[in-house]
Amino acid sequence: MKKVFLFFAICFSFLNHVNAQQAPVFNLYKGTLDGKTPVTIYIKTEENPCTADLMYTSMYRYKSNKWIQLYITQNKKVENEFVMVEHGFSGVLILKKTGNTFSGLWISPDAKKQLKIDLKETSMTKKEIESYENAMEKVNYENNDC
């Protein structure tokens, strides 16, 4: 009887853990680089199943329609500070989030060029989210496929 009770307790605990995970959050930010170049950043935020920390999947574009994958790290001491590194280290974004906006700098790999960046969250339809998710899957595949 104890084994049966233990089995059900473990199953119930596992189901509670699975149900406790939050659904992914999708955000789109639009703004400018250096006050004139249009920029779009798409970020998917979800809970890491191993650590319960937030993890981010992201991409952005400016000047062209080609998406650039971003690798995001959030400052653990100051929740609203982020570093976003472009795939291939072609640039770095250092951003501070205030409400539904990001502001900060884009910095070239040699740190000789620094441009101001300002972004504001924009709403999306389900169809747009699906389109961005497909684009992000394609970018990730192009960058990381063997």
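Atoms considered below: every heavy atom in the structure, side chains included; atoms not considered: hydrogens, waters and symmetry mates.
Contact detail for Pro109 and Ser90: the closest heavy-atom pair is CD-O, 3.3 Å. Considering all non-hydrogen atoms of both residues, Lys76 and Asp53 come closest at NZ-OD2, 3.1 Å. For the pair Thr40 and Tyr132, the tightest heavy-atom approach, listed with the atom from each and the gap, is CG2-OH, 4.5 Å. Leu105 and Ile117 get closest at one heavy-atom pair: N-CG2, 3.8 Å. What you find for Met136 and Met59 is that their closest heavy atoms are CA-SD, 3.5 Å. Closest approach of Ser123 and Glu128 over heavy atoms only: O-OE1, 4.2 Å.
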Checklist entry - Phe102 and Ile41: side chain to side chain contact (heavy atoms under 4.5 Å, CB included), yes or no, with the steps? => result CA-CA 10 Å; Phe102 277 109; Ile41 296 181; over 6 Å; no
Checklist entry - After noting the C-alpha distance and the side-chain angles of Leu70 and Glu86, does the key distance pass the side chain to side chain contact (heavy atoms under 4.5 Å, CB included) rule? => result CA-CA 5 Å; Leu70 292 171; Glu86 294 178 8; 3.9 Å; yes
Next on the checklist: Please determine whether side chain to side chain contact (heavy atoms under 4.5 Å, CB included) holds for the pair Val139 and Arg61, giving the CA-CA distance in whole Å, both sets of side-chain angles, and the decisive distance to 0.1 Å.
Outcome noted: CA-CA 12 Å; Val139 168; Arg61 66 179 172 200; over 6 Å; no
Checklist entry - What's the verdict on side chain to side chain contact (heavy atoms under 4.5 Å, CB included) for Leu115 and Thr37, showing C-alpha distance, side-chain angles and the deciding distance? => result CA-CA 10 Å; Leu115 304 173; Thr37 305; over 6 Å; no
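Between the Asn144 side chain and the Asn140 main chain, a donor and an acceptor come within less than 3.5 Å of each other. Using modelled atom types, no side-chain atom of Gln22 and backbone atom of Glu46 make a donor-acceptor pair closer than 3.5 Å. Judged by distance alone, the side chain of Thr98 and the main-chain N or O of Thr101 form no donor-acceptor pair under 3.5 Å. Side-chain atoms of Ser58 come within 3.5 Å of backbone N or O of Tyr42 as a donor-acceptor pair. Panel note: side chain Glu121, backbone Asn100; no donor-acceptor pair is recorded below 3.5 Å. Distance alone, capped at 3.5 Å, places no donor-acceptor pair between the Asp34 side chain and the Lys36 backbone.
A single hydrophobic cluster is not seen to contain both Trp67 and Leu119; linkage of ILVMFWY side chains at heavy-atom distances under 4.5 Å, directly or through other members, places them apart. Leu28 and Phe26 fall within the same hydrophobic cluster, where Ile, Leu, Val, Met, Phe, Trp and Tyr residues are linked whenever their side-chain heavy atoms come under 4.5 Å apart, directly or through other members. Tyr29 and Tyr62 fall within the same hydrophobic cluster, defined by Ile, Leu, Val, Met, Phe, Trp and Tyr side-chain heavy atoms under 4.5 Å apart, directly or through other members. Residues Val83 and Phe89 share a single hydrophobic cluster, defined by chaining ILVMFWY side chains whose heavy atoms lie under 4.5 Å apart. No single ILVMFWY cluster, assembled from side-chain heavy atoms under 4.5 Å apart, contains both Tyr71 and Ile107.
Relative orientation of the Tyr56 and Phe82 rings is perpendicular, given thresholds of 30° and 60° on the angle between their planes.
Atoms CG and NZ, from Leu33 and Lys116 in turn, are 11.5 Å apart once rounded to the nearest 0.5 Å. Note that the OG1 atom of Thr57 and the CD atom of Glu133 stand 7.5 Å from one another [nearest 0.5 Å]. Here the NZ-OG1 distance, from Lys30 to Thr122, works out to 6.0 Å after rounding to the nearest 0.5 Å. For the atom pair CD1 (Ile43) and NZ (Lys97), the distance works out to 7.5 Å, reported to the nearest 0.5 Å.
Glu137 CD: 12 or fewer foreign heavy atoms inside a 6.0 Å radius. Atom CD of Glu130 has 12 or fewer heavy atoms from other residues, nucleotides or ligands within 6.0 Å.
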